[in-house]
Amino acid sequence: MTDLAAISGGIDLGGTKIEARLFGPGYQSIDSLRIPTPRGSFDSFLRALAKQIHWLEAQSGRGGKLPIGIGLPGIINGETGEAMAANIPITGVDLPAALTRTFGRALPLINDGQAFALSEAHGGAGLGAQSVLGLIMGTGIGAGHVLGGAPPYRRNIAGIEAGHLGIPAHLLARVDLPLRSCGCGKKGCFETYLSGPGLSEICRLKLGHPIAPKDLGQAAEAGDPAAQSVLQIWAELMAELLLTLQITLDPDCIILGGGLSQLPDVTRHLTRAFATRRLGPMALPVLRLAAHGDSSGARGAAILAVQQAARG
């Protein structure tokens, strides 16, 4: 029989789904329920989230004593609680206060990039490392950082917005790519070329038409020189971002997740490009693929909830 004290719950909030996942000992998934994310209003969103919270409480047999964490995109002001997110209707809302009023208790909140890194640091690809950086490469570029098995203090409930660092102008000039406007309002962000849509844009500029990353990867693996040249450009840009992250955070390992982590031999290609940018004698972090995939967001949120419950 499962030890009730070892049960925890995690919520992975995204623009398309609210996934509730129940975990047992070792944060092994026991059960999950996924529903669409209402985007029309905060009230409809909160009702859907409440449904998932109550489902976890009922499934666990622990009711309101079940540790539950919530992983979500965006930023939450650490002083006012004001939230901002692009794809869920929480912008302008004091989210921590609204959740406490609704559920009668504070529910730990964690940025989805931080949740990903925390999950991989506990029984994942970052197991045994002191400093773990999780890098999500999908429709956007985001990251999270874990030190000694726990996320370090951050004034805002935010991840590492790595995608919104600026690409060096000399690098864009070398690969003959123009500055592009980013959804954040700036120009020249890494995300404009390193994300899935960004990689398709490199294809459009270099090959004359966009190609989905999966198809591009298959073409490169089959020996298409044009596809290989595009992926080489992408790897050079990504290696520059990896160097920036190493210089600032100096992790033991970098865990790759998101759809672009499935590109053929991605760790080998990025390690080779990264090595050419080594700063002096600095040892490079190991690049690894994520072990927990789609469950990492909810899993990391559950780990945070248990850690906070243990601290009382």
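Computed from a prediction, not measured in an experiment: that's the story for all the values here. What's counted below: heavy atoms across the whole structure, side chains too, no hydrogens, waters or symmetry copies.
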Practice item. Identify whether W234 and L172 are in the same connected component of the hydrophobic contact network (ILVMFWY, side-chain heavy atoms under 4.5 Å). Key: yes

Exercise for review: Return yes if a side-chain donor-acceptor contact under 3.5 Å exists between R299 and S119, otherwise no.
Suggested key: yes

Review point. Same cluster for L56 and Y27 if Ile/Leu/Val/Met/Phe/Trp/Tyr side chains link at under 4.5 Å?
Key: no

Review point. Counting N and O atoms only, with roles assigned by atom type, does the side chain of D252 sit under 3.5 Å from a partner on the main chain of S131, one being a donor and the other an acceptor?
Key: yes

Check your understanding: In Å and rounded to the nearest 0.5 Å, what is the CG to OG distance from D12 to S32?
Key -> 11.0 Å

Review point. Please walk me through it: do K206 and D176 pass side-chain contact (heavy atoms from CB on, under 4.5 Å)?
Key: CA-CA 9 Å; K206 295 298 184 181; D176 192 25; 3.5 Å; yes

Practice item. Cation-pi check, R180 to Y193: give yes when NZ or CZ is under 6.0 Å from the six-membered ring centre and within 45° of the ring axis, no otherwise. Key: yes

**Study point:** Least distance between heavy atoms, A162 atom then A143 atom
**Key:** CB-CB, 4.3 Å

Review point. How long is the gap from CG on L177 to CD1 on I167, to the nearest 0.5 Å?
Key: 8.0 Å

Practice item. Check L237, L135, I247 against L242 for a side chain to side chain contact (heavy atoms under 4.5 Å, CB included) and give me the one that passes. Key: L135

Check your understanding: Does the side chain of E82 pick up a donor-acceptor pair with the side chain of N77 at under 3.5 Å?
Key -> no

Exercise for review: State, with a plain yes or no, whether a side-chain heavy atom of I88 is found less than 4.5 Å away from one of R39.
Suggested key: no

**Study point:** R174 side, atom CZ; I233 side, atom CD1 - distance, nearest 0.5 Å
**Key:** 10.5 Å

Review point. When hydrophobic residues are tied together by side-chain contacts of less than 4.5 Å, even through go-betweens, does I30 share a cluster with F23?
Key: no

Practice item. Apply side-chain contact (heavy atoms from CB on, under 4.5 Å) to L95 and L72, showing your working. Key: CA-CA 11 Å; L95 186 61; L72 72 165; 3.6 Å; yes

**Study point:** Closest approach of L304 to L118 (non-hydrogen atoms, all atoms of both residues)
**Key:** N-CD2, 3.7 Å

Review point. Run the salt bridge (charged side-chain N to carboxylate O under 4.0 Å, His left out) check on E57 and R62 step by step: do they pass?
Key: CA-CA 6 Å; E57 292 175 341; R62 298 194 64 191; over 6 Å; no

Check your understanding: Can you find a pair of side-chain heavy atoms, one from H54 and one from F103, that are under 4.5 Å apart?
Key -> yes

**Study point:** Donor-acceptor under 3.5 Å (H122 side chain, I303 main chain)
**Key:** no

Check your understanding: Do T192 side-chain atoms and G188 backbone N/O form a donor-acceptor pair below 3.5 Å?
Key -> no

Review point. Where the side chain of H292 meets the backbone of G123, is there a donor-acceptor pair that is under 3.5 Å apart?
Key: yes

Review point. Is there a donor-acceptor pair under 3.5 Å between the side chain of E19 and the backbone N or O of L13?
Key: no

Practice item. Give a yes or no answer on whether the side chain of R288 reaches the backbone of A125 with a donor-acceptor pair at less than 3.5 Å. Key: yes

Review point. Are L284 and L279 connected in the hydrophobic side-chain network, where two residues link if heavy atoms are under 4.5 Å apart?
Key: yes

Review point. In this structure, are over 12 heavy atoms from other groups packed under 6.0 Å from K17 atom NZ?
Key: yes

Check your understanding: Within a strict 4.5 Å, meaning less than it, do heavy atoms of the M137 and L194 side chains meet?
Key -> no

Check your understanding: Are L263 and I202 connected in a single hydrophobic cluster, I mean Ile/Leu/Val/Met/Phe/Trp/Tyr linked by side-chain heavy atoms less than 4.5 Å apart?
Key -> yes

Exercise for review: State, with a plain yes or no, whether a side-chain heavy atom of T91 is found less than 4.5 Å away from one of F42.
Suggested key: no

Check your understanding: Is the backbone N or O of R268 less than 3.5 Å from a side-chain atom of T271, with the two atoms forming a donor-acceptor pair by type?
Key -> no

Study note, to complete from the structure: Correct closest heavy-atom pair for K187 and S181 would be CE-OG, 3.4 Å

Exercise for review: Indicate yes or no for a side-chain donor-acceptor contact from Q246 to the backbone of A283 under 3.5 Å, with no hydrogens or angles considered.
Suggested key: yes

**Study point:** Residue pair I141 / F190, side-chain heavy-atom distance below 4.5 Å
**Key:** no

Review point. For A290, which residues count as a side-chain contact (heavy atoms from CB on, under 4.5 Å) partner, sequence neighbours excluded?
Key: F116, E120, I255

Practice item. Might you point out which heavy atoms bring A301 and A115 nearest each other, and give the distance in Å? Key: N-CB, 4.1 Å

Check your understanding: Do any N or O atoms from the side chain of R34 and from the backbone of I18 form a donor-acceptor pair under 3.5 angstrom?
Key -> no

Review point. How far apart are the closest heavy atoms of S60 and L22, and which atoms are they?
Key: CB-CD1, 3.9 Å

Exercise for review: Can you measure from NE2 (H269) to CG (L287) and round to the nearest 0.5 angstrom?
Suggested key: 12.5 Å

Point to revise | Considering all heavy atoms, the nearest I75-A158 contact | key: CG1-CB, 4.1 Å

Check your understanding: Would the number of heavy atoms belonging to other residues, nucleotides or ligands and lying under 6.0 Å from CZ of R105 be above 12?
Key -> yes

Practice item. Flag the pair P96 / L109 as yes when at least one side-chain heavy-atom distance between them is below 4.5 Å, and no otherwise. Key: yes

Exercise for review: Report yes if the side chains of R277 and E236 come closer than 4.5 Å at any heavy-atom pair, otherwise no.
Suggested key: yes

Check your understanding: Is there side-chain contact between V286 and T267, with at least one heavy-atom pair below 4.5 Å?
Key -> no

Check your understanding: Hey, mind stepping through L260 and V266 against side-chain contact (heavy atoms from CB on, under 4.5 Å) and telling me if it holds?
Key -> CA-CA 8 Å; L260 296 187; V266 67; over 6 Å; no

Check your understanding: Distance from L66 atom CG to I53 atom CD1, nearest 0.5 Å?
Key -> 9.0 Å

Review point. From M238 CE over to L231 CG, what is the distance, rounded to the nearest 0.5 angstrom?
Key: 11.5 Å

Check your understanding: So, does S200 use its side chain to make a donor-acceptor pair with the main chain of P210 at under 3.5 Å?
Key -> no

Practice item. In sequence, state the C-alpha distance, the side-chain angles, and the governing distance for I160 and L245, and then conclude on side-chain contact (heavy atoms from CB on, under 4.5 Å). Key: CA-CA 10 Å; I160 298 168; L245 292 170; 4.3 Å; yes

